[in-house]
Amino acid sequence: MGRPKKQETIEKKVMDAETRVATLKKEYDEALSELKNLREQQRLMQARNLLDAMDKKGKSFEEVLRLVNL
């Protein structure tokens with residue numbers, strides 16, 4: 001059976017783990033925010049493309065909506 005670990009060593013490891021978790025959470029939150037922004041930009045671009053295609057083909061919003069709902 002191994003020697004018991006010193007209390008200071010365990011406390012240091014706990015503090016290090018808490019610091020690492022806080023850092024990773026911050027990075028995760030930042031990445032999640034960036035993903036949300038990119039998805040919003042993507043939706044706006046898709047909406048713009050759809051509106052451009054509607055204008056090019058001379059279709060109304062109602063016509064396109066009816067087609068989508070078939």
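The first residue in the sequence is number 1, and the count goes up from there.
Hydrophobic clustering, with ILVMFWY side chains joined whenever heavy atoms are under 4.5 angstrom apart, keeps L50 apart from L67.
Shown here are the side chain to side chain contact (heavy atoms under 4.5 Å, CB included) partners of F61, two or more places apart in sequence or in another chain: M54, L65. Checked against side-chain hydrogen bond (donor to acceptor under 3.5 Å, both in side chains), D29 has the following partners two or more places apart in sequence or in another chain: K25. For D55, the side-chain hydrogen bond (donor to acceptor under 3.5 Å, both in side chains) test picks out no residue, with sequence neighbours left out. Among residues two or more places apart in sequence or in another chain, the salt bridge (charged side-chain N to carboxylate O under 4.0 Å, His left out) test is passed with K59 by none. Partners of S60 by side-chain hydrogen bond (donor to acceptor under 3.5 Å, both in side chains), not counting sequence neighbours, listed by chain and number: E63. Taking V14 as the reference, I10, E18 meet the side chain to side chain contact (heavy atoms under 4.5 Å, CB included) condition, with sequence neighbours excluded. For T23, the side chain to side chain contact (heavy atoms under 4.5 Å, CB included) partners are T19, E27, not counting sequence neighbours. The side-chain hydrogen bond (donor to acceptor under 3.5 Å, both in side chains) test applied to E11 returns Q7, not counting sequence neighbours.
Under a 4.5 Å side-chain heavy-atom criterion applied to ILVMFWY residues, the cluster that includes L32 comprises Y28 as well.
Taking a cutoff of 4.0 Å between a charged side-chain nitrogen and a carboxylate oxygen, D16 and R20 do not qualify as a salt bridge.
The side-chain heavy atoms of K26 and E30, taken from C-beta on, include a pair separated by under 4.5 Å.
For residues 37-54, there are no side chain to side chain donor-acceptor pair (under 3.5 Å) pairs, not counting sequence neighbours.
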